[in-house]
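Everything on this sheet refers to the single structure shown next.
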Amino acid sequence: MKETIRVTLIYGSAREGRFCDTVADWVLSELRELGGCEVSILDPAELTFSGKGPDELSAAAIEAKLETADAFLILVPEYNHGYPAVLKAMIDSAYRPWHAKPVAFVSYGGISGGLRAVEQLRQVFAELHAVAIRDTVSLAHVWSQFDSQGHPFRPAQMKGPLIVMMRRLFWWARALRNARAETVYDSAAA
Ligand SMILES: Cc1cc2nc3c(=O)[nH]c(=O)nc-3n(C[C@H](O)[C@H](O)[C@H](O)COP(=O)(O)O)c2cc1C
C-alpha cells in the first residue's frame, strides 16, 4: 500500500474579503475525495507580519508546517503581474524545510489566471532547492468560475487538471521522500 503524502496547503492571500477561501474550499473538497494525502493548512491570515516579516511565533509556525510536509500546494492569486508580498514573506522565512520537496500551484486572477505569478515563483523555488512541477491549475476570471455557494459552474472541467496535477505531485513527493531518506540532501554536494 502507498504511504499517505503529507501536503501543506499554503494560502497566498491574507486580504480582507479574499477569494482565496473559495478556491481553498474547492481544492480541499477535491483532495478529500481523491484521498492518499493528509492536508495541513498554512494560512497567513492566522499569522502576524510586520515590515520585518513574520513575528517569532508566526515564523516558528511556518517552519513547523513546512518541515513536516512531503509536498506543497500553493494557492496563488496574481497581484500586479506578480504574487502577493505576504506569500513571499512566508516563503523567505524558512530555508531548509523547502529543500528537495515538490511544489504545485493553483493560481487564479483575472485574464491571466495567475500564470505570471506562477512563472515568477518557479524562479524563487529553484533558489530554495525545491521542485516546482510542470502542471498548474489556473483559474482565469476566478470570480466567474464559482456560484454564490462556492460551487464551480464547470466542476468536471476544473477537477480534471487538479487531479492530474495532484497525482504528479504525489509521484514527486514519494520519489523525493525516498531520496531524502537515502541521502541527506545537504550532503549530496559535499
Ligand atoms: C492589488 C491587486 C492587484 C491585482 N492585480 C492583478 C493582475 O495583475 N492581474 C490579474 O489577472 N488580476 C489581478 N488582480 C485580481 C486578483 O487576482 C483577484 O482579485 C484575486 O481574487 C485576488 O485574490 P484574493 O481575493 O484571494 O486576494 C489584482 C487584485 C489585487 C487586490
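Bear in mind that the values here come from a model prediction, so they are computed numbers and not experimental data. Below, each value reflects all heavy atoms present in this structure, side chains not excepted, and no hydrogens, waters or symmetry copies. Throughout, residue positions are numbered sequentially from 1 according to the sequence presented.
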Closest heavy-atom contact between [X] and [Y]?
{"X": "Val103", "Y": "Ala130", "answer": "CG2-CB, 3.9 Å"}
{"X": "Ala117", "Y": "Gly82", "answer": "CB-O, 3.3 Å"}
{"X": "Glu63", "Y": "Ala94", "answer": "OE1-CB, 4.1 Å"}
{"X": "Ala59", "Y": "Pro54", "answer": "N-CB, 3.9 Å"}
{"X": "Ile5", "Y": "Arg177", "answer": "CD1-NH2, 4.0 Å"}

Keeping to residues at least two apart or across chains, list the salt bridge (Lys or Arg N to Asp or Glu O under 4.0 Å) pairs with something in [range].
{"range": "residues 102-115", "result": "none"}
{"range": "residues 80-103", "result": "Lys88-Asp92, Arg96-Asp186"}
{"range": "residues 139-149", "result": "none"}

Should [X] and [Y] be regarded as members of a common hydrophobic cluster, given that ILVMFWY residues are connected when their side-chain heavy atoms come within less than 4.5 Å of each other, either directly or indirectly?
{"X": "Phe19", "Y": "Val118", "answer": "no"}
{"X": "Val27", "Y": "Leu42", "answer": "no"}
{"X": "Ile133", "Y": "Val39", "answer": "yes"}
{"X": "Val76", "Y": "Ile41", "answer": "no"}
{"X": "Val124", "Y": "Leu115", "answer": "no"}

Worksheet entry | Lys52 side chain reached by Ser50 side chain, heavy atoms, under 4.5 Å | yes

Item to complete: Answer yes or no: is there a side-chain heavy-atom contact under 4.5 Å between Tyr83 and Gln120?
Response: yes

Sequence neighbours left out, what passes side-chain hydrogen bond (donor to acceptor under 3.5 Å, both in side chains) with [X]? Give chain and number order.
{"X": "Glu33", "value": "Lys159"}
{"X": "Arg6", "value": "Asp70"}
{"X": "Asp43", "value": "Arg18"}
{"X": "Ser58", "value": "Asp55"}

Practice prompt. Show your reasoning for whether side chain to side chain contact (heavy atoms under 4.5 Å, CB included) applies to Phe153 and Gln145.
Written response: CA-CA 6 Å; Phe153 286 117; Gln145 304 262 14; 5.6 Å; no

Worksheet entry | Criterion side chain to side chain contact (heavy atoms under 4.5 Å, CB included) on Ile91 and Ser93, from CA distance to verdict | CA-CA 6 Å; Ile91 292 170; Ser93 79; over 6 Å; no

Examine distances only and state if a side-chain atom of [X] and a backbone atom of [Y] form a donor-acceptor pair shorter than 3.5 Å.
{"X": "Lys65", "Y": "Thr8", "answer": "no"}
{"X": "Ser13", "Y": "Cys20", "answer": "no"}
{"X": "Glu78", "Y": "Arg116", "answer": "yes"}

Fill in: Stepwise side chain to side chain contact (heavy atoms under 4.5 Å, CB included) test for Leu47 and Met90
CA-CA 10 Å; Leu47 304 170; Met90 289 193 291; 4.2 Å; yes

Report the distance from atom [atom1] of [X] to atom [atom2] of [Y], rounding to the nearest 0.5 Å.
{"X": "Leu128", "Y": "Gln123", "atom1": "CG", "atom2": "CD", "answer": "12.5 Å"}
{"X": "His151", "Y": "Ser29", "atom1": "NE2", "atom2": "OG", "answer": "8.0 Å"}
{"X": "Ile62", "Y": "Ile10", "atom1": "CD1", "atom2": "CD1", "answer": "9.0 Å"}
{"X": "Cys37", "Y": "Arg32", "atom1": "SG", "atom2": "CZ", "answer": "10.5 Å"}

Discussion item. Counting neighbours of CD on Gln157 that are heavy atoms of other residues, nucleotides or ligands and sit closer than 6.0 Å, is the number greater than 12?
Written reply: yes

Let me have the donor-acceptor pairs involving side chains of residues 136-144, under 3.5 Å, with sequence neighbours excluded, atom names and distances please.
unit_1 : atom_1 : unit_2 : atom_2 : d
Thr136 : OG1    : Arg122 : NH2    : 3.1
Ser138 : OG     : Gly113 : O      : 3.1
Ser144 : OG     : His141 : O      : 2.7

Discussion item. Once ring pair (Phe, Tyr, Trp, His ring centres under 6.0 Å) is applied, what residue pairs with a partner in residues 96-119 remain, sequence neighbours excluded?
Written reply: Phe72-Trp98, Tyr95-His99, Trp98-Phe125, His99-His129, His99-Tyr185

Tabulate below the donor-acceptor pairs under 3.5 Å that side-chain atoms of residues 160-174 make, not counting sequence neighbours, or state none.
unit_1 : atom_1 : unit_2 : atom_2 : d
Arg168 : NH1    : Asp135 : OD1    : 3.3
Arg168 : NH1    : Asp135 : OD2    : 2.7

Practice prompt. Only counting residues at least two apart or in another chain, list the ones meeting side chain to side chain contact (heavy atoms under 4.5 Å, CB included) with Arg134.
Written response: none

Discussion item. Suppose we screen for side chain to side chain contact (heavy atoms under 4.5 Å, CB included). Which residues come up paired with Thr183, at least two apart in sequence or across chains?
Written reply: Ser187

Discussion item. Under the side chain to side chain contact (heavy atoms under 4.5 Å, CB included) test against Tyr11, which residue among Leu87, Val86, Asp21, Ile74 passes?
Written reply: Asp21

Worksheet item: Run the side chain to side chain contact (heavy atoms under 4.5 Å, CB included) check on Leu75 and Leu9 step by step: do they pass?
Response: CA-CA 8 Å; Leu75 309 179; Leu9 179 67; 3.9 Å; yes

